[in-house]
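Data first, discussion second: the structure below is written as structure tokens.
For this chain, numbers begin at 1 and follow the sequence in order.
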Amino acid sequence: MTTPEAPDPSRRHDGVIVGCGPAGAMLGLLLARAGLDVLVLEKHGDFLRDFRGDTIHPATLELLDQLGLADRFLALPHAKVGRFGLTAGSASISVDFSRLPTKFPYIAFVPQWDFLDFLTGEARRYPGFRLRMNAEVTGLVVEAGVVRGVRYRTAGGEQVALGRLTVGADGRTSVTRQAAGLRPVEFGVPMDVFWFRLPRRPDEPGTVQARTGPGRFGLMLNRGDLWQVGYLIPKDGAETVRAEGLAAFRASVAALLPELADRVGELQDWDQVKLLTVQSNRLRRWWVPGYLAIGDAAHAMSPMGGVGINLAIQDAVEAANVLWRPLRDGRISTADLATVQRHREVPTRLIQGFQSLLQAQVIAPTIGGAADPGSSRRFHLLLAAPGLRNLPARLIGLGVGRPRIASPEGQGAGA
């Protein structure tokens with residue numbers, strides 16, 4: 001990582017992006033590629049966070065391919081998954097990505113820190129890109145009702161970054177969204193998720209596996225020599241599960257995922273089991289003058305299908321498509337910001353609706369303790385009916401109305 005340059009409080013950037021997750025990193029790359037001056041602020045000192053989404057879906061791989069980056073990205077250590085196996089009682093369904101009309105008929109599993117290092121490394125090839133780590137945004141700079149930039153804190157004290165546009169890509173607990181006075185509408189979700197890792201043997205199948213049993217739902221993701229295991233629990237039920245004890249939790253995991261029974265003893269402490277508090281929400285309006293929210297800051301997604309990263313990246317692509325020229329010309333307007341939301345809101349609503357359907361018809365009855373045959377019937381009707389057989393793979397892998405990259409590569413950029 002390069003030595004950070006000292007901030008210049010008088011400098012006005014074309015764009016100030018808050019948060020260097022997938023949405024912020026991709027938008028920073030695309031705007032810098034178009035020849036714009038972009039500052040990305042990230043509150044952490046690195047990208048190393050446990051149990052962040054690591055699924056890079058076909059739609060995202062297509063976007064990387066449009067940028068000429070797919071081959072370099074796929075040179076990173078990764079696992080490819082072409083099928084997603086789901087079992088509920090006697091019903092066993094395969095969500096098959098190999099039939100999708102794409103050059104990349106699979107999901108690539110890459111640690112998110114590697115993905116973000118890759119995107120920011122590519123962005124640094126462009127002279128207008130700057131990434132400032134350990135920069136915690138504390139509020140917005142507002143003049144005459146228009147957001148003009150942000151205030152942020154570093155080891156050196158309080159700083160200000162000014163820009164024609166401020167983009168909140170700072171996740172589901174977005175500080176910028178709150179400072180802009182935007183409040184998401186919350187949609188109820190029936191579950192939270194415990195995540196943990198267990199050893200994986202080389203001879204075990206590499207496909208993603210999901211399994212249900214009475215009162216239980218588990219997910220196994222191949223991480224090379226480890227299984228990343230997701231264990232769904234009723235919403236706000238973490239303390240109840242912990243109170244029953246770690247031994248009871250290990251026994252429950254072994255009963256649901258018997259192939260892991262010989263290694264659940266690796267879980268010796270609750271510190272090894274991380275809680276994901278699931279949210280699903282969406283802003284009614286994604287913008288105020290001078291400010292735009294994208295990714296989880298605009299719409300927190302359920303983990304169903306692992307689509308959150310890919311929707312966030314598509315938000316970034318659409319934002320770059322719409323905004324690069326107004327930013328270059330210095331005439332960004334609320335109409336431009338509203339256009340980004342209009343283009344991205346329908347895909348977001350449809351995917352959230354699909355997630356809600358699965359949660360209501362499969363997840364909630366299962367972890368609520370419904371009899372297994374009922375869950376199996378719902379599962380089979382939703383995912384195995386002839387008219388719906390390919391729908392989950394298409395929605396998960398390709399999404400809805402996915403954008404193509406229309407922002408240009410600026411003259412002389414990338415040298």
Side-chain angles (χ1 to χ4, degrees), residues 11-42 59-60 62-70 116 118-132 146-150 161-170 176 286-295 297-298 310-345 347-348 401-415:
R11 179 176 187 164
R12 184 176 296 274
H13 304 276
D14 293 313
V16 175
I17 300 171
V18 181
C20 196
M26 178 60 86
L27 182 57
L29 166 60
L30 293 176
L31 293 182
R33 176 178 176 269
L36 299 174
D37 182 303
V38 185
L39 173 65
V40 182
L41 300 172
E42 168 57 44
T60 297
E62 287 182 347
L63 292 169
L64 292 175
D65 197 41
Q66 290 168 36
L67 292 170
L69 301 179
L116 296 178
F118 177 81
L119 289 181
T120 54
E122 292 297 325
R124 285 192 180 92
R125 297 173 55 237
Y126 300 96
F129 180 83
R130 289 163 183 80
L131 171 61
R132 195 158 294 146
V146 179
V147 176
R148 302 296 187 186
V150 300
L162 302 178
R164 289 192 175 95
L165 175 67
T166 298
V167 178
D170 48 341
T176 60
W286 298 15
W287 54 270
V288 297
Y291 171 84
L292 174 70
I294 62 173
N310 300 279
L311 259 73
I313 287 172
Q314 289 171 17
D315 286 357
V317 170
E318 190 61 45
N321 289 348
V322 172
L323 301 176
W324 75 269
R325 193 185 302 272
L327 285 172
R328 183 198 63 184
D329 296 343
R331 53 175 179 81
I332 193 80
S333 70
T334 55
D336 298 319
L337 306 181
T339 297
V340 177
Q341 177 178 351
R342 186 172 68 252
H343 289 178
R344 292 301 305 152
E345 190 165 23
T348 300
R402 62 194 191 276
R404 293 184 59 83
I405 291 170
S407 56
E409 184 164 23
Q411 187 174 12

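Within 6.0 Å of CZ in R404 there are 12 or fewer heavy atoms belonging to other residues, nucleotides or ligands.
Under the 4.5 Å side-chain criterion, counting only non-hydrogen atoms from C-beta, L67 is in contact with L29. At least one side-chain heavy atom of L323 sits less than 4.5 Å from a side-chain heavy atom of L292. Side-chain contact between Y126 and E409 is present, with at least one heavy-atom pair separated by less than 4.5 Å. A heavy-atom distance below 4.5 Å is found between the side chains of V40 and F129.
To the nearest 0.5 angstrom, I17 atom CD1 is 11.5 Å from D170 atom CG. Here the CE atom belonging to M26 is positioned 10.0 Å from the CD atom belonging to Q314, to the nearest 0.5 angstrom. Rounded to the nearest 0.5 Å, atoms CH2 (W286) and CD1 (I294) are 9.0 Å apart. Interatomic distance, L27 CG to I313 CD1, rounded to the nearest 0.5 Å: 11.5 Å. Taking CZ of R148 as the reference point, atom CZ of R12 lies at 6.5 Å (rounded to 0.5 Å).
In this structure, the side chain of N321 engages the main chain of A406 through a donor-acceptor pair within 3.5 Å. The closest donor-acceptor contact from the side chain of D14 to the backbone of D37 lies under 3.5 Å. Listed for the R402 side chain is no donor-acceptor partner under 3.5 Å among the backbone atoms of L63. At least one donor-acceptor pair closer than 3.5 Å links the side chain of Q66 to the backbone N or O of I405.
Scanning all heavy atoms of the two residues, the minimum distance from L337 to Y291 falls at CD1-O, 3.5 Å. Of all heavy-atom pairs spanning L116 and P22, the tightest one is CD2-N, 3.6 Å. Looking at every heavy atom in both residues, C20 comes nearest to E42 through N-OE1, 2.9 Å. Summarising the geometry of T176 relative to G168, their closest heavy-atom pair is OG1-CA, 3.4 Å, with the distance given to 0.1 Å. Heavy-atom minimum distance, V38 versus A32: CG2-N, 3.9 Å. The two atoms that bring A169 and A23 nearest to each other are CB-CB, 4.3 Å, heavy atoms only.
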side-chain contact (heavy atoms from CB on, under 4.5 Å) between W287 and T334, worked out: CA-CA 8 Å; W287 54 270; T334 55; 3.6 Å; yes

Evaluation steps, side-chain contact (heavy atoms from CB on, under 4.5 Å), between F118 and L69: CA-CA 10 Å; F118 177 81; L69 301 179; 4.0 Å; yes

side-chain contact (heavy atoms from CB on, under 4.5 Å) between L64 and L119, worked out: CA-CA 10 Å; L64 292 175; L119 289 181; 4.2 Å; yes

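Each of Q341, R344, H343 was checked for a side chain to side chain donor-acceptor pair (under 3.5 Å) with D315, and the lone residue meeting it is R344. For the side chain to side chain contact (heavy atoms under 4.5 Å, CB included) with L36, the qualifying choice from H13, R164, R328 is R328, the only one to do so.
Neither side chain, D336 nor T339, offers a donor N or O lying under 3.5 Å from an acceptor on the other.
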